[in-house]
Amino acid sequence: QVQLVESGGGLVQAGGSLRLSCAASGRTFYTYAMGWFRQAPGKEREFVAGISWSGGTSYADSAKGRFSISRDNAKNTVYLQMNILKPEDTAAYYCAAGNSLAILTKAPNYWGRGTQVTVSS
């Protein structure tokens, strides 16, 4: 069982930056692929970025060049650095864990409760 707790959301102006963190419980954190999804009001939840246990990464087209995902296995934490934020990035951001990066992007095994990111124009 893995429990995920997100932090770092908030209100930021367009063009600004935020770093989201996700702290995971469990001694087997390092074996999981980790990632971030987001859900805007009235829209479906969508994949944003993922990182495998070995550090391989995957990004949605909307995140490429602006967002960067990383992990610190010693701290059981995954991060999402978001730069050049746009109003359309406004959403609830959810941390997720999966048995592999492929599984993570389609059907994560575990979810956090989310943290709100609001980007003002």
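These numbers come from a predicted model, not from an experiment. Heads up: numbering here begins at 1 and tracks the sequence.
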Below 4.5 Å, heavy atoms only, C-beta onward: do [X] and [Y] meet side chain to side chain?
X: Y110; Y: Q1; answer: yes
X: N99; Y: L104; answer: no
X: Y32; Y: S100; answer: no
X: S17; Y: Q81; answer: yes

Please report the C-alpha distance between N83 and L18 in whole Å, then the side-chain angles of each, then the deciding distance to 0.1 Å, and finally whether the side-chain contact (heavy atoms from CB on, under 4.5 Å) criterion is met. CA-CA 7 Å; N83 300 322; L18 279 177; over 6 Å; no
If you round to the nearest 0.5 Å, how far is [atom2] of [Y] from [atom1] of [X]?
X: K64; Y: S58; atom1: NZ; atom2: OG; result: 7.5 Å
X: E88; Y: S62; atom1: CD; atom2: OG; result: 9.5 Å
X: E44; Y: Q39; atom1: CD; atom2: CD; result: 8.5 Å
X: N73; Y: W53; atom1: CG; atom2: CH2; result: 9.5 Å

For [Y], is there any backbone N or O sitting under 3.5 Å from a side-chain donor or acceptor partner on [X]?
X: T28; Y: T31; result: no
X: E6; Y: C95; result: yes
X: N76; Y: S25; result: no
X: T90; Y: T118; result: no
X: R71; Y: S54; result: no

Taking all atoms of both residues into account, what is the closest heavy-atom pair of [X] and [Y], and its distance?
X: A14; Y: S121; answer: CB-CA, 4.3 Å
X: N109; Y: G98; answer: OD1-CA, 3.1 Å
X: A91; Y: A40; answer: CB-N, 3.8 Å

Determine, using the 4.5 Å side-chain heavy-atom cutoff (strictly less than), whether [X] and [Y] are members of one ILVMFWY cluster.
X: V117; Y: V48; result: yes
X: Y30; Y: W36; result: no
X: L20; Y: V2; result: yes
X: I103; Y: L101; result: no

Within a radius of less than 6.0 Å around CD of Q116, do more than 12 heavy atoms belonging to other residues, nucleotides or ligands occur?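 Atom CD in Q116 is packed in, count exceeds 12.
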CH2/W111: more than 12 non-hydrogen atoms of other groups inside 6.0 Å: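 More than 12 within 6.0 Å, yes.
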Stacked cation flag R45 on F37, 6.0 angstrom / 45 deg: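 Negative - R45 is either too far from the ring of F37 or too far off its axis.
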Working for side-chain contact (heavy atoms from CB on, under 4.5 Å), residues Y94 and C22: CA-CA 9 Å; Y94 297 88; C22 173; over 6 Å; no
Side chain to side chain contact (heavy atoms under 4.5 Å, CB included) partners of T57, counting only residues at least two apart: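 Listed in chain order: I51, Y59, I69.
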With sequence neighbours excluded, residues passing side chain to side chain contact (heavy atoms under 4.5 Å, CB included) with D89: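 D89: side chain to side chain contact (heavy atoms under 4.5 Å, CB included) contacts with R38, R66, F67, L85, K86, Y93, V119.
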side-chain contact (heavy atoms from CB on, under 4.5 Å) between F29 and M34, worked out: CA-CA 9 Å; F29 166 81; M34 301 295 298; 3.7 Å; yes
Is a side-chain donor-acceptor pair under 3.5 Å present for D72 with T77?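 Distance-only check fails for T77 and D72.
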